Peer 1: 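Below is a structure I'd like to ask you about.
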Amino acid sequence: MAQQTPDVFQVIADPSRRQILQLLSKESLTINALAENFDMSRPAVSKHIKVLYNGGFISIQTIGRQRHCVLKQDGFNAVQQWINYFDSFWQTKLKKLEDVLNAKAVKK
């Protein structure tokens with residue numbers, strides 16, 4: 001059975017995963033270094049890392065015996081595309097409203 005691509009919004013819905021992303025925005029970190037920032041077990045942090053990895057938000061690079069987590073753009077691109085869609089939707093609606101209001105102002 002093929003693995004489904006996770007919903008990016010479910011991936012970033014968890015506050016711990018969002019905090020991991022914020023930590024990684026400053027520098028790449030090992031899983032152990034990430035785990036030090038949380039009041040949870042290393043296996044729990046590893047599960048969050050796996051969700052972020054499967055969602056395309058991070059990559060994992062093995063350097064020696066350590067695994068470094070690095071931000072990856074794919075997941076963020078999916079979020080941005082969704083935002084852009086609704087940005088365009090609202091811009092279109094607001095432009096139509098502006099046209100209607102301008103037309104009414106001209107008639108006065």
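Keep in mind the model is a prediction, meaning the values are calculated, not measured.
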Peer 1: What pair of heavy atoms forms the shortest contact from Ser46 to Ile31, and how long is it?
Peer 2: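 Ser46 and Ile31 have their closest heavy atoms at OG-CG2, 3.7 Å.
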Peer 1: Measuring centre to centre across the rings, with the benzene-like ring taken for any Trp, is Trp82 within less than 6.0 Å of Phe86?
Peer 2: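 Yes, the ring of Trp82 comes within the 6.0 Å limit of the ring of Phe86, centre to centre.
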Peer 1: Could you tell me whether a side-chain N or O of Ser88 sits under 3.5 Å from a main-chain N or O of Asn84, the two making a donor and an acceptor?
Peer 2: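 Flag not set: sc Ser88 to bb Asn84 has no pair under 3.5 Å.
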Peer 1: Looking at every non-hydrogen atom in both residues, tell me the closest pair between Ala35 and Val45 and how far apart they are.
Peer 2: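 Reported closest heavy-atom pair: CA-CG2, 3.8 Å.
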Peer 1: Are Val8 and Ile83 joined in one hydrophobic group, where the rule is that I, L, V, M, F, W and Y side chains link up if heavy atoms are under 4.5 Å apart?
Peer 2: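 The answer is yes; both residues are in one hydrophobic cluster.
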Peer 1: About how many Å separate CD1 of Ile58 and CG of Leu34, when rounded to the nearest 0.5 Å?
Peer 2: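 With rounding to 0.5 Å, CG (Leu34) is 7.5 Å from CD1 (Ile58).
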Peer 1: Rounded to the nearest 0.5 Å, what separation is found between the CG atom of Leu23 and the CG atom of Leu71?
Peer 2: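 CG of Leu71 is found 10.0 Å from CG of Leu23.
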Peer 1: Tell me which pairs pass side-chain hydrogen bond (donor to acceptor under 3.5 Å, both in side chains) where either residue lies in residues 18-37, with sequence neighbours left out.
Peer 2: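 Counting only pairs at least two positions apart or across chains, the side-chain hydrogen bond (donor to acceptor under 3.5 Å, both in side chains) contacts touching residues 18-37 are Asn32-Arg42.
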Peer 1: Shared ILVMFWY cluster between Val79 and Val70, side chains joined below 4.5 angstrom?
Peer 2: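 Result: no, two separate clusters.
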Peer 1: What pairs meet the ring-ring contact (aromatic ring centres under 6.0 Å, His included) rule with one or both residues in residues 12-71, with sequence neighbours excluded?
Peer 2: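 Of all non-adjacent pairs touching residues 12-71, those that pass ring-ring contact (aromatic ring centres under 6.0 Å, His included) are Phe57-Phe76.
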Peer 1: Take atom CG in Asn102; do more than 12 heavy atoms of anything else shown fall under 6.0 Å from it?
Peer 2: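 Check passes, neighbour count above 12.
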Peer 1: Test side chain to side chain donor-acceptor pair (under 3.5 Å) on Gln91 and Asp87 and set out the steps.
Peer 2: CA-CA 6 Å; Gln91 289 299 324; Asp87 220 16; 4.6 Å; no
Peer 1: With a 4.5 Å limit on heavy-atom distance, are the side chains of Leu24 and Leu29 in contact?
Peer 2: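 Of all side-chain heavy-atom pairs linking Leu29 with Leu24, at least one is under 4.5 Å.
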Peer 1: If I take atom CG from residue Leu52 and atom SG from residue Cys69, how far apart are they, to the nearest 0.5 angstrom?
Peer 2: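 Going from the CG atom of Leu52 to the SG atom of Cys69 covers 8.5 Å.
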Peer 1: Roughly how far, to the nearest 0.5 Å, is the CD atom of Gln73 from the OG atom of Ser59?
Peer 2: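 Interatomic distance, Ser59 OG to Gln73 CD, rounded to 0.5 Å: 12.0 Å.
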Peer 1: Which other residues end up in the same hydrophobic cluster as Leu97, if Ile, Leu, Val, Met, Phe, Trp and Tyr are linked when side-chain heavy atoms come under 4.5 Å apart?
Peer 2: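 Other cluster members: Leu101.
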Peer 1: Between Arg17 (side chain) and Val11 (backbone), is there a donor-acceptor pair under 3.5 Å?
Peer 2: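 Yes, the answer is positive, given that a donor and an acceptor are paired below the 3.5 Å cut-off.
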